[in-house]
**Student:** 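Take a look at this one; I'll ask things after.
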Amino acid sequence: MNLDLDAAACAFRDEVRDWLAANVPAGRLPSVDTPQGDAAHRAWERRLADAGLAVVSWPLEYGGRAVPPLHALLFEEEYHAAGAPARIGQNGLFLLAPTLLRHGTPAQRDRILPPMVRADEVWAQAWSEPEAGSDLAAIRSRGRRTDGGWLLSGQKTWSSRAAVADRAFGLFRTDPQASRHRGLTCVMFDLRAPGVTVRPIRQLDGDPGFAEIFLDDVFVPDSDVIGEPGDGWRVAMSTAGHERGQTLRSPGRFLAAAERLVALWRSGDGRDAATRNRVVDAWIGAQAYRMHTFAALDAPAGPFAASATKLFWSELDVALHETALDVLGARAETDAAWTDGYLFALAGPIYAGTNEVHRGIVAERMLGLPREVAR
Amino acid sequence: MRLVPTAEQDRFAAVLHDLLSAADVPAVAERWAQGDAAPGRAVWSRLADAGVAGLAVPERWGGTDAGAADLVIAAEELGHHAVPGPVAETLAAVPALLLALGDDRLCDKWLPELAAGRVVAALAAPPWLPYATDAHAADLVLLAGDDAVRLARTGAAHASMDYTRRLFEVSPGGVLATGPDAAAAVARALDLGVLAAAAQLLGAGCALLEAAVAHARTRVQFGRPIGRFQAVQHKLAEVAVALEFARPLLHAAAVTVGSADTAARDVSAAKVACGSAAHQAARAALQVHGAIGYTREHGLGRWLTKVRVLTLTWGTAAQHRARVMAELTR
Ligand SMILES: Cc1cc2nc3c(=O)[nH]c(=O)nc-3n(C[C@H](O)[C@H](O)[C@H](O)COP(=O)(O)OP(=O)(O)OC[C@H]3O[C@@H](n4cnc5c(N)ncnc54)[C@H](O)[C@@H]3O)c2cc1C
């Protein structure tokens, strides 16, 4: 694509490209969800941070470069095109950090962001509970007032990276008398604190990608509450906006996968038009997502556009990988890169709000159809 | 590169929307279908006054030489109102073709008339456009091929499933240009026509979604508006997402169409995406309307059938997908 990039953008892109070419580890790192992978990914994050490339869009004082959004997109494109490792710190970098920048105190930002950027502290998101998946406001884990802070109890589940992470941020019911969406508080806690038990859960790909977290009167000081006590729902919804939007799912990832898919098609010997059309559609989808993201730089999207975006990228990801497997045919079974990508893609329509829930939001909030259920 | 309309382009779209809303396009289309082109020509000349007809014509010949970005804005609005007639031909492909042939006598003769809205043009360009659409109501009918651009003689007429359209067989008439330059001119002009058709499709798709949403909010069954049923909500949400993500491809193709070496690829991608989103919108809109949408009186069919014929012409989805792959693996 021939974007009109100014000199500054080109220079930045070239710098990133050159650095990645010289530094991206050859071969794939072990899975982020294994002990060796954990160490290797943390080392990679430190290397990125030392080069000033861990969080390019962030303010300077937190290790960022304060680059404009266009540059951040270019960074992502280069990152994925170079086949650089998955970001072990993503829950912190892309979910907690924007939330702290908006709702946190300066002291929280100063204390939490620097170790996050260097992956000295890796974060997990502890929202879901056994009885509270799509219906997040049904959470039952509680926070009870105590001297100088809160005592957390209950059970969280499906918490990505919690098996290897250091800390977590979650939603707790701190006022049982208040209505469902009130009386919730957003709290950070240490995964190694007394009273915390983490039980890894193996995912479809065999790795302990997520975990259950049991909390038994775990103490957290007031300074680890994000926003006001009782205001957790509003804080969480601002986090969810980042999760559903493009920060975690940058177009660069789909674009790189689509380019690999086209290359795969080209090198293969299958030549049937039906499969070719699916390859083209996947490439068109990645291109559409990319252009949509660029367009949003000129005209910020409305508040519920994040739901449309989430629907689009998650379905695109599944289609892209299913197509790749079909192009490979029986050989696909042993192709770890594509099969891992496929298994990962399958979770996309479930996490960050299921696609059914997002279709409801698009229908009711974007299109203005009457409400089906109370959310 | 700008992928969203400027404030000025938004205003232009609003002006066209008001103009077409006031023009009673459904009645005009009905008359057009019966072979009476006069009301349609009157609307066309009003559109020309608003600057639509001269968008692809240089100022020297009375146009505004506005560029493809404005062209897609206008074509989307015409699609939104399902304006009958050879829209992409008159608005985009034929002026672009005459211009690209670089023959001043031809330009002097036709471009000012096109820009003023006094001339409506039809075009056959096999295999993408095997027939000339509505040649009976056109003042200029061209036949564009790989080897030459000719005036076209019209032959037998065929009815279309879009009852407002009539398709004419053509045979070669006087030669206007031949050779590699002519072939290049045809390719460029067709890309612009495809882009305009894609924009019409997007506009029609949006109109279908709006109609379906409006109906779903008010039609009551089982004691509640049908728009409260999740099966209906989810279908319409999927349409909204498909349209939302087709639009940036259209605008991106408008940026590259005239110049970049990715033009063919980008135009084809836009046609595929806008066509499939509009088709999805058409299916959903009919389903949500139920039987009432299936009636001629209701008028939904004007969009339904126009979407279908526009996805089949100006290159089928299969042809455009093949072209995208050819460009990607060049
Ligand atoms: C790979 C992966 C990683 C995850 N990581 C995290 C994490 O880090 N932190 C965290 O807190 N959570 C995480 N989750 C959990 C995720 O947020 C939940 O799985 C999700 O919210 C859905 O909840 P559920 O699985 O309980 O499904 P349920 O809510 O039980 O839903 C089951 C099915 O019912 C449908 N359904 C439910 N309600 C409705 C409705 N109103 N309308 C229509 N359909 C409905 C759903 O769409 C779904 O298809 C992760 C999940 C996965 C798969």
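Order of the sequence lines fixes the chain letters, A, B, ..., with proteins taken first and strands second; residue numbering starts at 1 for each chain. Model, not experiment: these values are computed from the prediction.
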**Student:** Does a sphere of radius 6.0 Å around CD in B:E210 hold more than 12 heavy atoms from other residues, nucleotides or ligands, not counting ones at 6.0 Å or beyond?
**Tutor:**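 Correct, the count exceeds 12.
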**Student:** Can you tell which part of B:E238 gets under 4.5 Å to a heavy atom of chain A, answering side chain, backbone, both or neither?
**Tutor:**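 When you check distances to chain A, only side chain atoms of B:E238 fall under 4.5 Å.
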**Student:** Search all heavy atoms of B:A273 against all heavy atoms of A:I284 and return the closest pair with its distance.
**Tutor:**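 Reported closest heavy-atom pair: CB-CG2, 4.2 Å.
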**Student:** Can you tell me how far the CZ atom of B:R228 sits from the CD atom of A:E364, to the nearest 0.5 Å?
**Tutor:**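 With rounding to 0.5 Å, CZ (B:R228) is 9.0 Å from CD (A:E364).
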**Student:** Mind checking whether A:F312 and B:E244 have side chains closer than 4.5 Å, heavy atoms only?
**Tutor:**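 They are not in side-chain contact.
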**Student:** CH2 of A:W158: more than 12 outside heavy atoms within 6.0 angstrom?
**Tutor:**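 No, CH2 of A:W158 has 12 or fewer neighbouring heavy atoms, counting only those of other groups under 6.0 Å.
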**Student:** At a 4.5 Å cut-off on heavy atoms, which part of B:A317 comes close to chain A: side chain, backbone, both, or neither?
**Tutor:**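 Contact with chain A: none, neither part.
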**Student:** In Å and rounded to the nearest 0.5 Å, what is the CH2 to CZ distance from A:W283 to B:R265?
**Tutor:**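 With rounding to 0.5 Å, CH2 (A:W283) is 3.5 Å from CZ (B:R265).
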**Student:** For B:D10, does the CG atom sit with more than 12 other heavy atoms under 6.0 Å from it, leaving out its own atoms?
**Tutor:**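 It does: B:D10 CG has more than 12 such atoms within range.
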**Student:** Are the side chains of B:V272 and A:V280 in contact, using a 4.5 Å heavy-atom criterion?
**Tutor:**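 Not touching, per the 4.5 Å side-chain cut-off.
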**Student:** Who among B:L328, B:L209, B:L236, B:V239 has the most heavy-atom pairs with chain A under 4.5 Å?
**Tutor:**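 When all of B:L328, B:L209, B:L236, B:V239 are compared, B:L328 has the most.
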**Student:** So for B:A269, is it side chain, backbone, both, or neither that comes closer than 4.5 Å to the heavy atoms of chain A?
**Tutor:**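 B:A269 touches chain A through backbone and side-chain heavy atoms alike.
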**Student:** Please determine whether the number of non-hydrogen atoms from other residues, nucleotides or ligands lying under 6.0 Å from atom CZ of A:R276 exceeds 12.
**Tutor:**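 Buried by this count: over 12 neighbours within 6.0 Å.
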**Student:** For chain B, which candidate among A:G285, A:A273, A:A363, A:A288 shows the most heavy-atom pairs at distances under 4.5 Å?
**Tutor:**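 Ranked by heavy-atom pairs under 4.5 Å with chain B, first place is A:A288.
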**Student:** Under a 4.5 Å cutoff for heavy-atom pairs, which residue among A:V362, A:D281, A:V279, A:V262 has the most contacts with chain B?
**Tutor:**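 Between A:V362, A:D281, A:V279, A:V262, the count favours A:D281.
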**Student:** Is B:L250 in contact with chain A via its backbone, its side chain, both, or neither, using a 4.5 Å heavy-atom distance?
**Tutor:**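 For B:L250, no heavy atom lies under 4.5 Å from chain A.
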**Student:** Count the heavy atoms belonging to other residues, nucleotides or ligands that lie under 6.0 Å from CG of B:L312, then report whether that count exceeds 12.
**Tutor:**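 Yes, CG of B:L312 has more than 12 neighbouring heavy atoms, counting only those of other groups under 6.0 Å.
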**Student:** Hey, are the side chains of A:M291 and B:H251 touching, using non-hydrogen atoms and a 4.5 Å cut-off?
**Tutor:**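 The answer is no; the side chains never approach within 4.5 Å.
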**Student:** For A:D298 and B:V4, work out which heavy atoms get closest and say how close.
**Tutor:**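 The answer is CB-CG2, 3.3 Å.
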**Student:** Other residues, nucleotides and ligands only: do more than 12 of their heavy atoms fall within 6.0 Å of CZ on B:R283?
**Tutor:**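 Incorrect, the count does not exceed 12.
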**Student:** Is any side-chain heavy atom of A:R359 less than 4.5 Å from a side-chain heavy atom of B:Q233?
**Tutor:**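 Side chain of A:R359 against side chain of B:Q233, heavy atoms only: no contact under 4.5 Å found.
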**Student:** Please determine whether the number of non-hydrogen atoms from other residues, nucleotides or ligands lying under 6.0 Å from atom CZ of B:R217 exceeds 12.
**Tutor:**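 Not more than 12 within 6.0 Å, no.
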**Student:** Ignoring hydrogens, what is the shortest heavy-atom contact between B:Q230 and A:E372? Give both atom names and the distance.
**Tutor:**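 The pair with the smallest heavy-atom distance is NE2-OE1, 3.5 Å.
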**Student:** Would you please classify the geometry between the B:F245 ring and the A:Y289 ring as parallel, tilted or perpendicular, with 30° and 60° separating the classes?
**Tutor:**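 Geometry flag for B:F245 against A:Y289: tilted rings.
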